[in-house]
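Working notes for the structure below.
Because only heavy atoms are used, hydrogens play no part in the values below, and waters and symmetry mates are left out as well, while side chains stay in. Labels below follow one simple rule: chain letters A, B, ... track the order of the sequence lines, proteins then strands, and each chain is numbered from 1.
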2 protein chains.
Amino acid sequence: MDKIKNESSAEEKILAAAKKVFTSKGMAGARMQDIADEAGINKALLHYYFRSKEKLFEVIFFEAAQKLFPRINLIFESNSTLFEKIEKFTDEYITLMSENPYLPLFVLNEVSKNPEVFMKKIWGKQNIPQPQKFLTQIEREVKSGNIKKISPLHLLINLISMCIFPFVAKPMIQFTLGLDEMQFRNVMEQRKKEVAKFIIDSIKK
Amino acid sequence: MDKIKNESSAEEKILAAAKKVFTSKGMAGARMQDIADEAGINKALLHYYFRSKEKLFEVIFFEAAQKLFPRINLIFESNSTLFEKIEKFTDEYITLMSENPYLPLFVLNEVSKNPEVFMKKIWGKQNIPQPQKFLTQIEREVKSGNIKKISPLHLLINLISMCIFPFVAKPMIQFTLGLDEMQFRNVMEQRKKEVAKFIIDSIKK
DNA sequence: GTCTATAATTTGATAGAC
DNA sequence: GTCTATCAAATTATAGAC
C-alpha cells in the first residue's frame with residue numbers, strides 16, 4: 001500500500017514506456033528492446049509482467065481506444081441543446097486530444113489494420129458510440145425550422161473530422177504551415193471555439 | 001481487390017503488389033514474402049528489381065505522397081474565386097481519395113513515424129504545398145466584407161479535415177454507422193457537394 | 001530473368017542464477 | 001523481482017543453378 005510516490009513501480013514504468021513506444025511506432029514497428037530501454041529495465045522483465053508483446057500491446061491499445069471513444073457518448077446522450085452539445089464536444093474533445101496528440105493516429109491506424117478484431121474486442125461490450133440520439137436531435141431541429149436544412153450524418157462527420165484530423169495530420173500541418181510545438185498548441189487551443197463557431201454559423205438561420 | 005494481370009511485366013506486378021501490401025500493413029508490418037505471394041512471383045525477384053525492402057517502400061511511398069499533396073497546389077494557386085476554389089477542392093479531392101481510400105492513412109502514418117526524412121526527401125524539391133495564396137485570398141475577402149470574419153488558417157484546416165478525415169477513419173465510420181462498402185461510397189459521393197455547401201453556408205454573409 | 005536453397009540478422013521469448 | 005545468457009522463429013538478403 002505505502003508506495004513511495006516519487007518512484008514508480010517496474011510495472012508502471014513498463015506501461016509508461018510501452019505507451020510511448022507503441023503510440024509512436026505502432027504494434028508492428030515497436031521493439032520489446034525499445035520498451036525495455038525506455039523503461040530503464042531489462043527485456044526479460046517485460047515478459048515477467050506481461051506474457052507477450054501482444055498482451056502488452058492490448059493493454060496499451062484498449063486504454064487508448066477507450067480514451068478516444070466513449071467520452072463521445074456522454075455528450076451525445078446528454079440533455080443539452082444542439083448548440084450546447086456542439087460547443088461542449090469541440091471543447092472537451094480537442095482538450096482531450098491536446099493532452100494525447102499521438103493517440104488518434106495510433107488508434108485509427110491499428111484499427112484499420114485489424115477491423116474485425118477491433119470490433120469484437122473493443123465494442124463487443126457497452127462502448128459502442130451511439131450517435132443515434134444526436135442524429136435524431138439534428139433532424140428534429142431541422143424539421144422544426146430551428147436550423148437550416150442539413151444532413152445529420154454529414155454534420156456529425158464534419159464535427160468529428162474537424163476535431164480529430166488536425167492531430168492525425170500534426171506533423172504535416174506543422175511543416176506546411178511552419179508551426180513549432182507551442183504554436184501548434186495555440187492553434188488547437190483556438191480551435192476549441194473556432195470549430196464550434198464555424199459549425200453554428202453554417203447551420204443557424 | 002484488384003487482380004494482377006498475367007500479361008503485365010514482373011516489375012509491374014511487383015509494384016502493384018507492393019502498393020497493396022504496404023498501404024494496408026505499413027512499412028514495418030509488411031513482409032517481402034507477402035508482396036512476392038501477392039505478385040505471384042518469387043521473393044528473390046523482389047531483390048533483383050529493387051535492391052531492398054526500403055528501396056521498394058520508397059517507390060511506393062513517394063508515389064502515394066505525390067498523389068496526396070501536389071494536387072492541392074493546383075487549386076490553391078489558380079485564379080478562381082474563393083467559393084469556386086472551395087467547390088473545386090472538395091470535389092476533386094474527395095474524388096481522388098475515393099479512388100485511393102487507403103492512401104491518406106498510409107501516408108500520414110508513415111510521415112508521423114519519420115517526419116524529418118519525410119520533409120527532406122519529399123518536399124526538398126518543389127512539392128511543398130503553398131497555401132499562402134489561398135490564405136491571403138481569404139483574408140482579402142474578409143477585409144473587403146465579402147464573407148464573414150473568419151481565421152484563414154482555421155478555414156483551411158477545416159476544409160482539408162472534412163475532405164480527408166472520413167477516409168482516415170473509414171473502418172471506424174463504417175462500423176459505428178453500420179455502412180457497407182457501397183453505402184460508404186455513396187456517403188463520400190454526397191460529401192463532394194455537402195462539404196462545400198457546409199463551408200460556404202458558414203462564411204457567406 | 002526466374003528459381004531453389006541458404007546465409008545473416010533481427011527479435012520475441014525462455015532458462016536459470018541471484 | 002531482476003538480471004545475464006541463450007534459444008527458436010521469423011525475416012531480409014544473397015548465392016548460384018538454369
Side-chain angles (χ1 to χ4, degrees), chain A residues 1-64 106 109-110 113-114 117 121, chain B residues 3-64 106 109-110 113-114 117 121:
Chain A
M1 285 287 283
D2 298 355
K3 272 277 167 61
I4 297 169
K5 299 209 171 122
N6 287 337
E7 290 180 5
S8 46
S9 70
E11 189 169 354
E12 287 166 339
K13 283 192 288 188
I14 291 171
L15 284 171
K19 180 180 176 181
K20 186 172 174 183
V21 174
F22 276 131
T23 51
S24 66
K25 301 194 174 182
M27 166 61 177
R31 298 288 162 253
M32 294 297 265
Q33 188 64 58
D34 297 339
I35 298 172
D37 292 346
E38 180 70 32
I41 52 108
N42 193 275
K43 201 174 53 159
L45 212 53
L46 298 180
H47 291 90
Y48 175 80
Y49 281 101
F50 306 87
R51 256 171 52 89
S52 65
K53 182 186 178 185
E54 192 167 339
K55 297 277 183 195
L56 179 54
F57 171 78
E58 286 187 0
V59 174
I60 302 300
F61 174 71
F62 291 137
E63 188 198 334
F106 168 64
N109 194 50
E110 299 297 338
K113 279 178 179 51
N114 231 333
V117 174
K121 288 202 175 173
Chain B
K3 269 282 169 58
I4 291 151
K5 294 187 178 172
N6 291 334
E7 63 264 28
S8 51
S9 71
E11 189 169 356
E12 287 167 339
K13 285 192 286 187
I14 291 172
L15 284 172
K19 180 180 175 181
K20 186 173 174 183
V21 174
F22 276 130
T23 52
S24 65
K25 301 193 175 181
M27 166 60 178
R31 298 287 163 254
M32 294 295 266
Q33 187 64 59
D34 297 338
I35 298 173
D37 292 346
E38 179 70 33
I41 53 109
N42 192 274
K43 203 175 48 161
L45 212 54
L46 297 180
H47 290 92
Y48 174 80
Y49 282 102
F50 307 87
R51 257 171 54 86
S52 65
K53 182 185 178 184
E54 192 167 339
K55 297 276 183 197
L56 179 54
F57 170 78
E58 286 186 1
V59 174
I60 303 300
F61 174 72
F62 291 138
E63 188 198 334
F106 168 64
N109 194 49
E110 299 297 338
K113 280 180 179 48
N114 232 333
V117 174
K121 289 202 175 173

All N/O contacts under 3.5 Å from nucleotides 7-11 of chain C to the protein, with atom names and distances to one decimal?
unit_1	atom_1	unit_2	atom_2	d
C/dT11	OP1	A/R31	NE	2.6

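- Side chains of A/L56 and A/Y49 form no contact here, defined as non-hydrogen atoms less than 4.5 Å apart.
- To the nearest 0.5 Å, the span separating CD1 on A/I60 from OG1 on A/T23 amounts to 8.5 Å.
- Of the residues in residues 55-62 of chain B, none lies under 4.0 Å from DNA chain C by heavy-atom distance.
- A sub-4.0 Å separation between OP1 or OP2 of C/dT2 and a side-chain N or O of B/Y49 is present.
- Within the 4.0 Å cut-off from OP1 or OP2 of D/dT14, not a single side-chain nitrogen or oxygen of B/H47 is found.
- The side chain of B/S52 lies closest to D/dA13 when the candidates are C/dG1, D/dA13, D/dT2.
- You'll find the side chain of A/F22 stays beyond 4.5 Å of the side chain of A/F61, heavy atoms only.
- Considering only heavy atoms from C-beta on, A/K25 stays 4.5 Å or farther from A/R31 through its side chain.
- Here the shortest heavy-atom pairing between A/E110 and A/M27 reads OE2-N, 2.9 Å.
- A 4.5 Å side-chain heavy-atom check between A/Q33 and A/D37 finds at least one atom pair inside the cut-off.
- Within the 4.5 Å cutoff, no side-chain heavy atoms of B/K13 are placed close to those of B/E38.
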